[in-house]
Amino acid sequence: MAENESINLILPDGSVKKANKGATAHEVALSIGPGLARDAVVAKLDGSFIDLTAELDRGGHFSILTFDDPEGREVYRHSVAHVLAQAVKRLYSDVQLGIGPAIDDGFYYDFDMPHALSEGDLQDIEQEMEKIVAQDLPFEQEELSRQEAIDMFEEMDEPYKVELISEMQQEAVSIYRLGEFVDLCSGPHLPSTGRIEAFKLLNVAGAYWLGDENRPQLQRIYGTAFDSASDLAEHIDKLQEAERRDHRRLGKKMDLFSLHPQAGPGLIYWHPQGYRVREVIEGFWRDTHRERGYEIVSTPHIAREDLWETSGHLETFSEDMFDPMDVDGIKYLLKPMNCPFHIMIYQSEMRSYRELPLRWAEMGTVYRYERSGVLHGLLRVRGFTQDDAHIFCRPGQVEEEIIGVVRLAQYMLSTFGYDDYSVKLSVRNPENPEEYIGDEETWDQAEGALARALDRIGLDYTEEVGEAKFYGPAIDIEMQDALGRGWQGPTIQLDFNLPQRFDMTYIGSDGDEHRPVMIHRTVLGSMERFFGGLIEHYAGAFPPWLASIQVQIIPVSEDHLDYAAEIQSDLSAHGVRAEVDDRNEKVGYKIRSAEVQKIPYMLVVGDREIAQQTVSLRTRNEGDLGPREYSEFRENLLHDIQNRYMEPSMTD
RNA sequence: GCUGGCGUAGCUCAACGGUAGAGCAGCUGAUUUGUAAUCAGCAGGCUGUCGGUUCAAAUCCGUCCGCCAGCUCCA
């Protein structure tokens, strides 16, 4: 290697940096700026990651990544996962390593070991990790041949690593040394453990090796890491905030719903306060659907086995269905989906092309057998009400119909305060046409219609090749809540299968029978899951139009009960959900009680208010706002409700 | 379903081999209250279930049921 041979590195801003061949990425970073060198996590040359300590033997597009880059963060956290594994190896005997990748908000590492890890062990492990960080051990890469690597990991009694290597295609296997610790890893990593600033182990849980439930179950430790203690603290705060907002906690505290495991797990009991909110949601849902050309239907909860035979559910969905019940010697099944029932309505008479599209919506309660371990509050239950709808249309109407559904979804989501979402278009894998029902032309047309619909609306989306179900392409919308967490929202699914299975037809303008296209769609998903999401999105503080109690009237003493009752009955007459706190308590107590219930408006009424026919207004977001003319308050209130504001706006 | 943890009053939690306790909520009474908790009293539990160990079990062991964290799966 010539001493002074130089290479050209093209930096992200387009400028060219000259460096000596053989210089390390770290040295280059240093020459760009000491700050960058300090923050550098890893480098990238022509799109491939390289360790900062690696020597550069050629030029190319070059960048230095820090923790602020998503990829830099991943490398950083992945490096911490190695430190975790090293600490566990030091502390416990007979430990076999699984894998330890970075994930969205942190990292994990899987272990197979006889000692059952508990949360209490995490502190010990963290302490050992701190020691490893203090030792500032360098991550040192080495390349071995496959066989050498297999021999080495066999020698080390690491069967999972051996399995991983055996699955690999390439001849050269990369390993990393960290002091006495060796791990199979393609890298890259931080230069040394001293670069790790802040980490925390979060929990421990079981996880199947390679995600396969037929393989051994390992113990998984989850953790997270940041490049500053304050960012870590902020992240922990966010986790705690999520805990505070947990719908199971708030649902109990606010008396919205309950579960009764002794009466059957995964089944929801809506309490009066919760059902009021649901009623408002459903009312809004019904009005919106009628306005947009839907008819509302209602169908039974059970149907003969034959129907599920025809629909194909018995074949593909029976594991998720409750066992049949016997009715006069005939088997009936509880419905896990509403679609066959809407098809029954379609089949009740001959259909003409003039009738299409038919849009039928139903708040359809379905039951699905979910494995016990997956049940979770309102989010994963065994009985739930879908805001389901099916659109039956001609193939040429698909594009317009999809636009209608997406616009409906956008309108409803934004009304509920979800303004950020991402859209996914699931299309078929053209390499496996045999996996899909329906001819190629139908698919091309349908996928084209979905994509054109999204384009015409101007929505960005990602196309997921091979994600389509066998019976048709789909659009899935994931919405972000107030904490930035993703929730599965509206889904729109084209179906070429059921119209065929039920031999659905309509008479076209040509007098011949044609096959309609069927679109399954849901906007809210299910009332249970959507409500759970809403509780967490709003932290229980529902906007005035949704709040179960919109106005709490607080009489100062017994003498003011009549005036309070007068106001309540007037508000009720105007459709407002108002209640009087007539308990024998001080004003401060009643205020606190209303605040804890997150009631949007509080009206304090005493002698002064009665004398002047006013109310003293307090809102949960702005606190004490002083006296108002009652009629003026009522007008503002109705305005807030009608416009579905997120918070009371009483600022005149 | 699997791995691990956990089931004590309506809720949140104590007691961890020797007759089960607090705060909040509830009820009763006093107080008549002015913007986030007035005071006093009362009541509330076959310690999830069934079985075992022990002179003695909420406490130790096992079973089943359920809950929690994940895995797998999903609206």
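Predicted, not measured: the structure shown is a model, and the values here were computed from it. Here is the naming used below: chain letters follow the sequence lines, and residue numbers restart at 1 for every chain.
Residues passing the side-chain contact (heavy atoms from CB on, under 4.5 Å) test with A:Glu435 are A:Asn432, sequence neighbours excluded. Listed by chain and number, the residues in a side-chain contact (heavy atoms from CB on, under 4.5 Å) with A:Lys586 amount to none (sequence neighbours excluded). In this structure, the side-chain hydrogen bond (donor to acceptor under 3.5 Å, both in side chains) partners of A:Asp157, at least two apart in sequence or on a different chain, are A:Gln96. Under the salt bridge (Lys or Arg N to Asp or Glu O under 4.0 Å) criterion, A:Arg286 pairs with no residue, sequence neighbours left out. Remark: A:Lys161 pairs with A:Asp183 by the salt bridge (Lys or Arg N to Asp or Glu O under 4.0 Å) rule, at least two apart or across chains. Remark: A:Glu579 pairs with A:Arg276, A:Ile549, A:Gln552 by the side-chain contact (heavy atoms from CB on, under 4.5 Å) rule, at least two apart or across chains. For the side-chain hydrogen bond (donor to acceptor under 3.5 Å, both in side chains) test, residues two or more places apart in sequence or in another chain that qualify with A:His78 are A:His82, A:His189.
Rounded to whole Å, atom P of B:rC74 lies 16 Å from atom CE of A:Met321. Between A:Leu259 atom CG and B:rC67 atom C1' the separation is 10 Å, expressed in whole Å. Distance A:Glu467 CD to B:rC74 C1': 14 Å, rounded to the nearest Å. Nucleotide B:rA75 holds its C1' atom 14 Å from the NZ atom of A:Lys335, rounded to whole Å. As a whole-Å value, the separation of A:Ile103 CD1 from B:rC71 C1' is 12 Å. Rounded to whole angstrom, the span from the CG atom of A:Asp476 across to the C1' atom of B:rC74 amounts to 12 Å. Regarding A:Ile492, its CD1 atom lies at a distance of 15 Å from the C1' atom of B:rA75, rounded to whole Å. One can place CD of A:Gln597 at 13 Å from P of B:rA25, the figure rounded to the nearest angstrom.
Taking atom P on both B:rA75 and B:rG4, the two are 30 Å apart, rounded to the nearest angstrom. B:rA14 sits 7 Å from B:rA22 when the C1' atoms are compared, rounded to a whole Å. Nucleotides B:rA15 and B:rG21 place their P atoms 14 Å apart, quoted to the nearest Å. Look at the P atom in both B:rG17 and B:rG7: the space between them is 15 Å, to the nearest Å. The same atom, P, is picked in B:rC61 and in B:rU72; the two are 31 Å apart, to the nearest Å. Comparing the C1' positions of B:rG26 and B:rG44 gives an interatomic distance of 9 Å, to the nearest angstrom. Straight-line distance between the C1' atoms of B:rC68 and B:rU12: roughly 16 Å, to the nearest whole Å. Nucleotides B:rG34 and B:rG18 have their P atoms positioned 50 Å apart, rounded to a whole Å.
Using a 4.0 Å cut-off between charged side-chain N and carboxylate O, A:Lys89 and A:Glu158 make a salt bridge. Note on A:Asp246 versus A:Arg249: no salt bridge recorded, every NZ/NE/NH1/NH2 to OD/OE distance being 4.0 Å or above. One finds no salt bridge joining A:Glu595 and A:Arg620 here, because no Lys/Arg side-chain nitrogen approaches an Asp/Glu carboxylate oxygen to under 4.0 Å. A salt bridge does not link A:Arg428 with A:Glu467: every distance from a Lys NZ or Arg NE/NH1/NH2 to an Asp or Glu carboxylate oxygen is 4.0 Å or more. Between A:Glu401 and A:Arg359, at least one side-chain N (NZ, or NE/NH1/NH2) sits under 4.0 Å from a carboxylate O, which counts as a salt bridge.
Using a 4.0 Å heavy-atom distance criterion, A:Val381 is classed as a base contact. Backbone-only engagement by A:Arg248 is indicated by non-hydrogen atom pairs under 4.0 Å involving sugar-phosphate atoms exclusively. A:Arg220 comes within 4.0 angstrom of the backbone, heavy atoms only, and of no base. Residue A:Gln262 is out of contact with every strand shown, counting any heavy-atom pair closer than 4.0 Å. Using a 4.0 Å heavy-atom cutoff across all strands shown, A:Tyr108 reaches no nucleic acid atom at all.
Aromatic stacking of A:Phe384 on B:rA75: satisfied, with centres closer than 5.5 Å and planes within an angle under 30 degrees.
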(message) Using a 4.0 Å heavy-atom cut-off to protein, can you give one letter per nucleotide of nucleotides 33-40 of chain B, 5' to 3': B if the base is in contact, S if only the sugar-phosphate is, - if neither?
(response) BBBBBB--
(message) Treating primed atoms plus P, OP1 and OP2 as sugar-phosphate and everything else as base, which nucleotides of nucleotides 1-12 of chain B get B, S or - for protein heavy atoms under 4.0 Å?
(response) BBBS-------S
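Helical stems in RNA chain B, defined as runs of 3 or more consecutive Watson-Crick or G-U wobble pairs with donor-acceptor distances under 3.5 Å: B:1-7 with B:65-71, B:10-13 with B:21-24, B:26-30 with B:38-42, B:50-52 with B:60-62.
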Can you pull every protein N or O that's under 3.5 Å from an N or O on nucleotides 43-46 of chain B?
none

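You'll find the side chain of A:Asn636 stays beyond 4.5 Å of the side chain of A:Leu617, heavy atoms only.
Near RNA chain B, defined here as any heavy-atom distance below 4.0 Å, there are no residues from residues 270-286 of chain A.
With A:Tyr108 as the aromatic partner, A:Arg220 meets the cation-pi criteria of under 6.0 angstrom to the ring centre and within 45 degrees of the ring axis.
Residue whose closest nucleotide on RNA chain B sits further toward the 5' end, between A:Gly211 and A:His376: A:His376. Between A:Asn203 and A:Met337, the residue anchored closer to the 5' end of RNA chain B is A:Asn203, taking for each the nucleotide with the nearest heavy atom.
Checked by atom type, the side-chain pair A:Thr365/A:Lys335 shows no donor-acceptor distance below 3.5 Å.
For A:Trp308 and A:Phe317, the distance between ring centers is not under 6.0 angstrom. Ring-centre distance between A:Tyr294 and A:Trp360: not below the 6.0 Å cut-off.
Donor-acceptor pairing under 3.5 Å, judged by distance alone, is present between the side chain of A:Arg529 and the base of B:rC74.
Ring planes of A:Tyr538 and A:Phe542: perpendicular class, angle over 60° (limits at 30 and 60°).
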